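As structure tokens, the structure follows; a few thoughts come after it.
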Amino acid sequence: MAITLNSGFKMPIIGLGVWRMEGKDIKDLLINAIKIGYRHFDCAADYQNEAEVGEALAEAFKTGLVKREDLFITTKLWNSDHGHVVEACKASLKKLQLDYLDLFLVHFPIATKHTGIGTTASAMDEDGVLDIDTTISLETTWHAMEETVSSGLVRSIGISNYDIFLTRDCLAYSKIKPAVNQIETHPYFQRESLVKFCQKHGIAVTAHTPLSGSLANTEWFDSVSCLDDPDLKGLAEKYKKTVAQVVLRWGIQRNTIIIPKSSRQERIEENYKVFDFELTNEDMEFIKSKDKKCRTNNPAKFWGLDLYA
């Protein structure tokens with residue numbers, strides 16, 4: 001299953017996120033994911049593992065497991081490279097060992113002090129707060145993103161972690177419309193208004209943290225996982241599926257692209273098995289009632305300020 005983007009390219013509706021994947025394990029995890037059926041991989045400069053992902057992709061191409069055109073590869077512009085978009089894109093391509101990206105996203109709608117192409121440490125000021133660069137507008141960043149398309153480095157461009165206001169502005173000043181907005185959304189944080197706004201205006205929505213982060217976000221952000229919800233456990237029993245599979249299926253049926261992340265082989269395989277059942281309209285509405293407006297992934301812990309305040 002795939003969604004046709006406003007750029008005309010098709011994006012697989014399920015992908016594998018590589019955030020927090022350890023370098024030494026990435027090759028085996030990605031090769032096995034391709035064998036399972038994954039054709040979409042979600043990367044970012046900030047994940048600091050693009051080189052390892054590139055080695056895995058090169059191995060897959062070299063052995064004939066897949067061709068480059070079979071895969072959809074996303075990566076993201078880090079905050080400190082807003083003034084160096086084209087150079088940062090080329091740096092990511094070099095690490096990934098690719099000639100082009102299928103999708104290049106602005107990771108966060110914030111420019112910070114430049115720390116060197118491809119370096120992703122968040123520069124902090126003397127007060128321990130994120131050192132924000134107030135001289136670079138998001139419009140300037142976007143027009144540089146458009147250059148990556150016109151120069152053939154990228155097929156589609158998009159945004160990430162943008163709200164309705166910022167998405168509307170991007171639509172107003174863009175020559176090439178954003179193809180995707182990647183946002184946190186899951187049963188406990190559904191963001192129906194933002195999802196519908198994007199879809200109404202031809203922007204596909206990718207759900208990052210589609211399982212509400214589970215253990216990783218519980219450890220980092222003290223968040224609550226929807227995978228522990230007793231009602232969702234009941235639905236899982238009804239469909240003879242895991243809670244994760246039910247939640248991912250819900251994401252697919254609301255026409256969002258899902259990129260579950262896992263470093264466990266059995267979980268990667270389990271998360272892909274979501275095409276052999278369908279939730280009823282009643283169960284879709286029931287899950288809709290579970291919204292707690294609970295964001296689980298908030299970098300305020302690391303940046304000293306809450307960008308979502």
Side-chain angles (χ1 to χ4, degrees), residues 17-24 26-27 30 41-58 68 71-126 128-162 166 170 173-176 178-182 206 208 299 302-305 307:
V18 304
W19 181 53
R20 294 188 78 185
M21 277 192 182
E22 296 295 335
K24 60 184 175 59
I26 288 178
K27 182 179 288 188
L30 265 60
F41 296 96
D42 183 81
C43 314
D46 185 50
Y47 301 163
Q48 299 180 13
N49 57 13
E50 285 179 315
E52 290 81 4
V53 171
E55 290 176 6
L57 296 178
R68 170 64 185 96
L71 298 184
F72 190 101
I73 308 298
T74 299
T75 199
K76 308 178 190 77
L77 175 79
W78 187 236
N79 306 335
S80 57
D81 283 336
H82 276 229
H84 305 267
V85 174
V86 173
E87 301 97 316
C89 180
K90 289 179 178 178
S92 285
L93 282 169
K94 184 177 181 179
K95 291 176 183 177
L96 291 165
Q97 300 186 45
L98 299 175
D99 294 326
Y100 68 90
L101 292 171
D102 294 281
L103 180 63
F104 192 36
L105 303 177
V106 180
H107 202 151
F108 282 95
I110 188 75
T112 62
K113 180 180 178 181
H114 184 57
T115 54
I117 299 296
T119 62
T120 58
S122 295
M124 312 298 277
D125 64 20
E126 62 275 9
V129 174
L130 190 67
D131 197 348
I132 296 173
D133 187 337
T134 60
T135 68
I136 304 173
S137 71
L138 291 178
E139 181 175 356
T140 297
T141 298
W142 187 255
H143 291 321
M145 293 287 287
E146 292 171 330
E147 288 181 29
T148 68
V149 177
S150 60
S151 63
L153 299 173
V154 176
R155 287 186 166 180
S156 303
I157 50 176
I159 53 183
S160 182
N161 299 302
Y162 276 50
L166 295 176
C170 191
Y173 56 64
S174 59
K175 297 174 183 176
I176 299 175
V180 170
N181 187 6
Q182 184 179 129
T206 296
H208 77 65
F302 312 108
W303 292 347
L305 80 167
L307 293 181

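Everything quoted here is computed from the prediction, not taken from an experiment. We number each residue from 1, following the sequence as shown.
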> Step by step, would you call Leu98 with Ile73 a side chain to side chain contact (heavy atoms under 4.5 Å, CB included)?
Replying inline: CA-CA 9 Å; Leu98 299 175; Ile73 308 298; 3.9 Å; yes

Is the shortest side-chain heavy-atom distance between [X] and [Y] below 4.5 Å?
{"X": "Val18", "Y": "Ile26", "result": "no"}
{"X": "Trp303", "Y": "Val129", "result": "no"}
{"X": "Val154", "Y": "Leu101", "result": "yes"}
{"X": "Thr74", "Y": "Thr206", "result": "no"}

Rounded at 0.5 Å granularity, tell me how far [atom1] in [X] sits from [atom2] in [Y].
{"X": "Leu105", "Y": "Thr75", "atom1": "CG", "atom2": "OG1", "result": "8.5 Å"}
{"X": "Trp142", "Y": "His82", "atom1": "CH2", "atom2": "NE2", "result": "11.5 Å"}
{"X": "Asn161", "Y": "Leu166", "atom1": "CG", "atom2": "CG", "result": "10.5 Å"}
{"X": "Lys113", "Y": "Asp125", "atom1": "NZ", "atom2": "CG", "result": "10.0 Å"}
{"X": "Ser122", "Y": "Asn79", "atom1": "OG", "atom2": "CG", "result": "6.5 Å"}
{"X": "Thr120", "Y": "Leu77", "atom1": "OG1", "atom2": "CG", "result": "11.5 Å"}

What pair of heavy atoms forms the shortest contact from [X] to [Y], and how long is it?
{"X": "Tyr100", "Y": "Arg68", "value": "O-NH2, 2.9 Å"}
{"X": "Ser150", "Y": "Glu147", "value": "OG-O, 3.1 Å"}
{"X": "Gln97", "Y": "Ala58", "value": "OE1-CB, 3.5 Å"}
{"X": "Ile117", "Y": "Ala88", "value": "CG2-CA, 4.0 Å"}
{"X": "Ser80", "Y": "Thr115", "value": "OG-OG1, 3.5 Å"}
{"X": "Cys43", "Y": "Leu96", "value": "SG-CD2, 4.4 Å"}

> Applying the salt bridge (charged side-chain N to carboxylate O under 4.0 Å, His left out) test to Lys76, which of Asp42, Asp81, Asp46 qualifies?
Replying inline: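 Going through Asp42, Asp81, Asp46 one by one, the salt bridge (charged side-chain N to carboxylate O under 4.0 Å, His left out) with Lys76 is satisfied by Asp42 alone.
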
> Are Arg155 and Phe104 in a cation-pi contact, defined as NZ or CZ under 6.0 Å from the six-membered ring centre and within 45° of the axis?
Replying inline: no

When you measure from the side chain of [X] to the backbone of [Y], do you find a donor-acceptor pair of N or O atoms at a distance under 3.5 Å?
{"X": "Asn181", "Y": "Tyr162", "answer": "yes"}
{"X": "Thr148", "Y": "Met145", "answer": "yes"}
{"X": "Asn49", "Y": "Glu52", "answer": "no"}

>> Checking side-chain polar atoms at under 3.5 Å, does Ser160 have a donor or acceptor matched by the opposite partner on His107?
In response: no

>> If only side-chain N and O atoms count, and only distance matters, is there a donor-acceptor pair under 3.5 Å linking Ser174 with Glu146?
In response: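 The answer is no; no qualifying pair exists.
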
> Should Leu153 and Leu93 be marked as a side chain to side chain contact (heavy atoms under 4.5 Å, CB included) after you check the CA-CA gap, both sets of side-chain angles, and the distance that decides it?
Replying inline: CA-CA 8 Å; Leu153 299 173; Leu93 282 169; 3.9 Å; yes

>> Determine whether Ser156 and Asp102 satisfy the following criterion, side chain to side chain contact (heavy atoms under 4.5 Å, CB included), listing intermediate values before the conclusion.
In response: CA-CA 6 Å; Ser156 303; Asp102 294 281; over 6 Å; no

> Under the criterion side-chain hydrogen bond (donor to acceptor under 3.5 Å, both in side chains), which of Thr141, Thr140, Thr135 is the partner of Ser137?
Replying inline: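 By the side-chain hydrogen bond (donor to acceptor under 3.5 Å, both in side chains) criterion, Ser137 pairs with just one of Thr141, Thr140, Thr135: Thr140.
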
>> Between Trp78 and Tyr47, is the ring centroid distance below 6.0 Å?
In response: no

>> For a side chain to side chain contact (heavy atoms under 4.5 Å, CB included) check, start with the C-alpha distance between Phe41 and Val53, then their side-chain angles and the critical distance, and finish with the verdict.
In response: CA-CA 9 Å; Phe41 296 96; Val53 171; 5.7 Å; no

